[in-house]
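What follows is a set of notes on a single structure, which appears directly below.
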Protein chains: 2
Amino acid sequence: MTTTSLTTEIGTSIPENLARLIGADITFGRLAAWTRLTEEQVANTYNVSRSPVREAIRLLERDGLIARSSRRGIWVAPLSLKDFDGVYACRIALEALAAEQAARSPHAASTRPAFDRLLTRLRTTLANGDTVGFFEADVEGSEIIYDLADNPTLRRLLLSLEKQALRYRYFAYQHSAEVTALSVNATRDIYARICEGDHARARALTETLIKDIWQSTREVLADFFSEKMP
Amino acid sequence: MTTTSLTTEIGTSIPENLARLIGADITFGRLAAWTRLTEEQVANTYNVSRSPVREAIRLLERDGLIARSSRRGIWVAPLSLKDFDGVYACRIALEALAAEQAARSPHAASTRPAFDRLLTRLRTTLANGDTVGFFEADVEGSEIIYDLADNPTLRRLLLSLEKQALRYRYFAYQHSAEVTALSVNATRDIYARICEGDHARARALTETLIKDIWQSTREVLADFFSEKMP
DNA sequence: ACCTCGTCGTTTGTATACAGAATACTGAAC
DNA sequence: GTTCAGTATTCTGTATACAAACGACGAGGT
């Protein structure tokens with residue numbers, strides 16, 4: 001049954017696994033914005049009771065993927081340009097900080113092989129048009145940086161922001177012909193500066209890159225949201 | 001009974017109120033670091049069942065005030081210099097951002113009266129040695145800034161960080177003879193720049209102020225943590 | 001005396017039962 | 001035909017019941 005798959009998944013905790021699964025459904029658009037969820041429906045879907053579902057909902061609410069109104073129900077969080085800007089304003093500041101702290105790590109140099117593998121993945125997925133794989137590789141790269149930064153608080157905040165950010169990026173990707181991909185070269189440079197311990201340039205380049213992603217994604221989103229309500 | 005007080009409190013939701021009460025107990029040292037909690041004990045204390053207690057625990061865990069280990073129990077989160085540095089690294093970046101965004105708000109100018117009232121409170125509480133009142137006023141000032149910034153994501157992140165930061169500041173205050181108070185004049189200047197819409201200076205001054213608080217608090221904490229384990 | 005294994009108590013995690021609130025629906029009046 | 005009131009249903013929020021895991025304690029062996 002689905003129950004066994006839930007407990008055997010890596011999280012080993014049902015609420016965390018539920019949040020991961022439902023969160024992925026939201027991020028990749030399988031659950032549309034404003035979709036109403038009921039606890040019982042989710043519980044039936046995954047063959048668990050409402051208790052772990054409630055905990056999963058709390059987690060998703062804190063990650064900004066689900067909106068709750070007391071006693072009135074649960075919806076998949078809406079998307080808006082304002083929310084997108086808010087998320088990215090925070091993300092720019094914190095990603096820059098993470099890159100700087102990662103570059104200061106004594107283990108930065110020894111991470112080069114992992115970065116190189118990741119760059120290869122970014123190039124191949126991009127060449128093959130595997131956008132989901134590309135995004136996944138990008139996210140993994142971010143997590144390596146968070147680990148290097150060795151700051152659990154920063155890590156927690158960025159992981160939360162990353163889910164929302166990825167949701168907007170994937171949404172933009174689906175609604176625009178062109179792939180709004182980040183620059184692999186810019187990513188390569190950032191990785192290199194981190195490995196060298198050049199924290200100033202690592203921070204500056206990261207800030208620029210995230211701002212670029214913000215702007216390019218924003219154009220697509222702005223088009224969509226303006227034609228939605230003319 | 002305590003039950004009624006829980007529901008009549010502003011949050012109107014039992015888990016939120018529980019989290020607020022327990023969170024305050026942790027922040028102000030009434031619950032010491034590493035203290036073990038059990039769900040049933042908390043439930044009995046507040047005359048509620050374990051269900052809302054579990055939700056409150058999740059909230060406190062996300063705010064970094066409680067540490068959980070799956071199936072092994074719940075403790076009041078430990079304090080450490082490294083954690084403190086991590087929290088403040090994030091806080092510096094985000095408070096600066098919030099001050100900048102607040103200064104860009106069209107409602108910034110009309111907030112001057114609220115800021116003035118707050119400054120009076122800061123001065124009187126400081127003069128009377130009412131340190132708790134002083135911290136509370138400072139926190140309220142921050143929340144006004146978050147509201148002006150009009151960025152729910154930023155607000156959510158900062159509120160979470162603020163609880164941890166205040167815990168460290170209160171801890172330092174208790175363990176040092178001198179009051180490690182922030183500079184009222186610096187706060188006044190920041191409020192003024194925000195009201196004027198001078199976002200560049202608002203950001204720069206905020207960054208300086210939070211860094212100063214970080215350093216002065218850090219000295220006290222460093223003394224304590226070094227003599228604790230020599 | 002120390003280490004190991006088994007049992008017991010405690011505590012978390014999950015399922016279910018129940019109460020109350022919010023919304024949707026039905027019907028009647030204007 | 002529209003609107004308002006009353007009822008019914010559905011869903012959340014809380015309480016309770018049950019199962020399984022972890023740790024502590026003690027007995028037995030080396």
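A, B, ... follow the sequence lines: proteins, then strands. Residue 1 opens every chain. Predicted model only: the values in this text are computed from it and were never measured. What you see below is based on every heavy atom in this structure, not just the backbone, and it leaves out hydrogens, waters and symmetry mates.
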Grab the [atom1]-[atom2] distance between [X] and [N] for me, whole Å please.
X: A:N17; N: C:dT14; atom1: CG; atom2: P; value: 10 Å
X: A:E55; N: D:dT14; atom1: CD; atom2: C1'; value: 14 Å
X: B:N44; N: C:dT10; atom1: CG; atom2: C1'; value: 14 Å
X: A:I14; N: C:dT12; atom1: CD1; atom2: C1'; value: 13 Å
X: B:N47; N: D:dT16; atom1: CG; atom2: P; value: 11 Å
X: B:R36; N: D:dC22; atom1: CZ; atom2: P; value: 13 Å
X: A:E16; N: C:dT12; atom1: CD; atom2: P; value: 16 Å
X: A:R58; N: D:dG13; atom1: CZ; atom2: P; value: 8 Å

For [Y], is there any backbone N or O sitting under 3.5 Å from a side-chain donor or acceptor partner on [X]?
X: B:R156; Y: A:R62; value: yes
X: B:T120; Y: B:D116; value: yes
X: B:N151; Y: A:G86; value: yes

- Where each residue is assigned the nucleotide of DNA chain C containing its nearest heavy atom, which of B:I74 and A:R50 is assigned the position nearer the 5′ end?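 Between the two, 5'-proximity favours B:I74.
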Taking the minimum atom-to-atom distance to the side chain of [X], which one of [options] wins?
X: B:T38; options: C:dT14, C:dT11, D:dT14; result: C:dT11
X: A:R68; options: C:dA15, D:dG13, C:dG13; result: D:dG13
X: B:E39; options: D:dG13, C:dT16, C:dG13; result: C:dG13
X: A:P15; options: D:dC11, C:dT14, D:dT14; result: C:dT14
X: A:V48; options: C:dG13, D:dC22, C:dA15; result: C:dA15

- Query: If you look at every strand shown and take non-hydrogen atoms under 4.0 Å, does B:I57 touch a base, only sugar-phosphate, or nothing?
  - Reply: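 B:I57: no heavy atom of the nucleic acid under 4.0 Å.
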- Describe the nucleic acid contact of A:R71 in one word from base, sugar-phosphate, nothing, applying a heavy-atom distance below 4.0 Å.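 Answer is base: heavy atoms of A:R71 come under 4.0 Å of a base.
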Using only side-chain N and O atoms of [X], determine if any of them is under 4.0 Å from OP1 or OP2 of [N].
X: A:R72; N: C:dT23; value: yes
X: B:S51; N: D:dT14; value: no
X: B:R54; N: C:dG13; value: yes

- Could you check B:D138 against B:R169 for side-chain contact (heavy atoms from CB on, under 4.5 Å), going step by step and ending with a plain yes or no? CA-CA 12 Å; B:D138 182 35; B:R169 287 176 72 188; 2.9 Å; yes
- Message: Ring centroids only, cut at 6.0 angstrom: are B:F224 and B:F171 within range, meaning strictly under it?
- Response: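 So the answer is yes for these two rings.
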